[in-house]
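Inspection log for the structure reproduced underneath, given as structure tokens.
Here is the naming used below: chain letters follow the sequence lines, and residue numbers restart at 1 for every chain.
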Number of protein chains: 2
Amino acid sequence: MISQGRHRRALRDRWNVAKSEKNAEDRKVVMIEATQRNGAATRMRILMAAEGEFADHGFDGATVRQIALRADIPVALVNYHFGNKEGLYRAIFEMRAPMIVDQRIAGLRLAEMEPDPERKVEMIVKAVLVPNLHMRSTEKNSSYARILAREVSDPKSHHRKVVAEFFDPIAYKVIEALQRAMPDRTVEEINWGYQAMLGVMVYTMADTGRISRLSGGLCDPEDEMTTSRHLVALMKAALLYSRVS
Amino acid sequence: MISQGRHRRALRDRWNVAKSEKNAEDRKVVMIEATQRNGAATRMRILMAAEGEFADHGFDGATVRQIALRADIPVALVNYHFGNKEGLYRAIFEMRAPMIVDQRIAGLRLAEMEPDPERKVEMIVKAVLVPNLHMRSTEKNSSYARILAREVSDPKSHHRKVVAEFFDPIAYKVIEALQRAMPDRTVEEINWGYQAMLGVMVYTMADTGRISRLSGGLCDPEDEMTTSRHLVALMKAALLYSRVS
DNA sequence: AGCAGATTTGAACAAGTTGACAAGATACCT
DNA sequence: AGGTATCTTGTCAACTTGTTCAAATCTGCT
């Protein structure tokens, strides 16, 4: 009871020291997955397992024990490497978010160079949708896509901060790009258009089989190419040809 | 251990008897919220509290104790009235789903009578979106909207089967209506269009403030009228004017 | 009034949860 | 080779979880 606070602080300190100790860390990264005993390697094993469990059961549904079991390591290692359950959760975003954000920024840069307005809008739509849909269909990252989908419908404070922290900046960039591409539209129209795009994307990424079931197997989110073509076409039309009555 | 099965059956039987005992039930409904001791009234109190808790924390995140606390009743009453946690969860859908489904069916009937193809599509879109968006903006039902959003991104819901049971039938009706309204489109196009519509709807319903934040307060899902106009316009354009490359 | 059944209550249970720790094992540097 | 910091391990205690129980209380009917 009395010592709980002290113990927690001690652990947190040890952990932070380990994190900031860049020298040792970097040295080990080069030999990742080499020896049996390697902090960076087990860290990654835990992250992968956690990603799967969080995707399948949500933050509250997933248990640290199940994650440890899946990673085939003792439970205590999770707490050693990530402090606590929430630290582990954030670590997943710190690992994955840059991947998506960088791809989107690259896509936006390409779109900026396109002179034709219609093509430009199409390229912006692609810049937003394609990176995520690709991730969805990739075996290893499909779990992260489902975690992301859960986030948007979760009002919990610590969860919300994660989304805001990692994805709000790129969101503003996309909205600005849309405004430049369609200067005749009101700011409301642009914003609702962006939200619609996000909604379609998240819904597709999070799908757990309903799309395929309802379409009699005709539509399959796993089929990245076909999914992208249909969704891009839909959202391009929505952005370009919608008129608010 | 040994008696667990028998006890559970006994409880379930008692519960079913209480449910089918329409005479007693009906008599009590008239005096709902009247006396301190009233099965139907406490049932409703628990349902309301549960709706809020499930919306805020998800199925796993919500605890029966917190629900009981919110409803200001002892914990055991939850299990008495609904059998178990999942029974309580399903009861929420049994209460809310018919409301939505009926409104959609009515909307589809109206659309079916419209001769102009473009207007027909618009009316189908409205039949799908408006009932849910209206529910979202109603104070009392806003929690249910978030529960619904969680459910579609939760693979465990597959196990709970509640979405399929309550909403697949009406989904098929909508898809068929779209097919009749746009006979030149492929089945894939129709299906992806429907999924996009659902995605936009669910995303907007589940929103926890991000839409307003990103738009600088300009777009507000609480404003049912404006939200509907924008989303309907977007999805109408998406369905009517999209061309897969 | 009195009975029977429905409802409520507080307490308890078993299973499973997180986070903690001390002791052991390993790798790296001087 | 020895010291030091990093990493691993098995085990533990404190706490929550969903669910159940037996007894108390109320309601409507005969």
For this session: Report the C-alpha separation of B/Arg104 and B/Asn132 in whole Å, then their side-chain angles, then the decisive distance to 0.1 Å, and conclude whether the side chain to side chain donor-acceptor pair (under 3.5 Å) test is met.
Result: CA-CA 9 Å; B/Arg104 274 201 197 157; B/Asn132 284 59; 3.2 Å; yes
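Here the C1' atom of nucleotide D/dC15 and the CD atom of B/Gln66 are 16 Å apart, to the nearest Å. Per the geometry, CD1 belonging to B/Ile67 stands 11 Å off P belonging to D/dT19, to the nearest Å. If you measure from atom CZ of A/Phe82 to atom P of D/dC7, you get 12 Å, rounded to the nearest angstrom. Atom OH of B/Tyr89 and atom C1' of D/dT19 are 20 Å apart (whole Å). With rounding to whole Å, B/Met44 atom CE is found 14 Å from C/dT7 atom P. Per the geometry, CG belonging to B/Asn79 stands 16 Å off C1' belonging to D/dA22, to the nearest Å. Nucleotide D/dT17 holds its P atom 9 Å from the NZ atom of B/Lys85, rounded to whole Å. Taking atom CG on A/Asn84 and atom P on C/dT17, their separation rounds to 17 Å, with Å as the unit.
A salt bridge links A/Glu165 and A/Arg90; the closest N-O separation between the charged side-chain nitrogens and carboxylate oxygens is under 4.0 Å.
Side-chain atoms of A/Thr63 lie closest to C/dT17 of the nucleotides D/dT8, C/dT17, C/dT8.
Checked against side chain to side chain contact (heavy atoms under 4.5 Å, CB included), A/Gln103 has the following partners two or more places apart in sequence or in another chain: A/Pro131. Residues satisfying the ring-ring contact (aromatic ring centres under 6.0 Å, His included) criterion with B/Tyr144, sequence neighbours excluded, are B/Phe93. By the side chain to side chain contact (heavy atoms under 4.5 Å, CB included) test, A/Ala76 pairs with no residue at all, sequence neighbours left out. For the side-chain hydrogen bond (donor to acceptor under 3.5 Å, both in side chains) test, residues two or more places apart in sequence or in another chain that qualify with B/Ser137 are B/Glu224.
Residues from residues 46-57 of chain B that place a heavy atom under 4.0 Å from any atom of DNA chain D: there are none.
Contact between the side-chain N/O atoms of B/His81 and the OP1/OP2 oxygens of C/dA6 is not found at any separation under 4.0 Å. The side chain of B/Thr42 places an N or O atom within less than 4.0 Å of a non-bridging phosphate oxygen (OP1 or OP2) of C/dT8.
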Measure all distances between protein nitrogen or oxygen atoms and nitrogen or oxygen atoms of nucleotides 9-11 of chain C, and list the pairs falling under 3.5 Å.
none

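Listed by first and then second residue, the side-chain hydrogen bond (donor to acceptor under 3.5 Å, both in side chains) pairs that reach into residues 195-204 of chain A come to none, sequence neighbours excluded. Residue pairs meeting the salt bridge (charged side-chain N to carboxylate O under 4.0 Å, His left out) criterion with at least one partner in residues 57-68 of chain B, sequence neighbours excluded, are B/Asp60-B/Lys156.
Among the atoms of the strands shown, only primed sugar atoms or phosphate atoms (P, OP1, OP2) are found under 4.0 Å from some heavy atom of B/Ala62.
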In a table with atom names and distances, give each donor-acceptor pair under 3.5 Å that connects a side chain of residues 49-59 of chain B to protein atoms at least two apart or in another chain.
from, atom 1, to, atom 2, distance (Å)
B/Glu51, OE1, B/Arg96, NH2, 3.0
B/Glu51, OE2, B/Arg96, NE, 2.6
B/Glu51, OE2, B/Arg96, NH2, 3.4
B/Glu53, OE1, B/His57, ND1, 3.2
B/Glu53, OE2, B/Arg70, NH1, 2.8
B/Asp56, OD1, B/Arg146, NH1, 3.0
B/His57, ND1, B/Glu53, O, 3.4

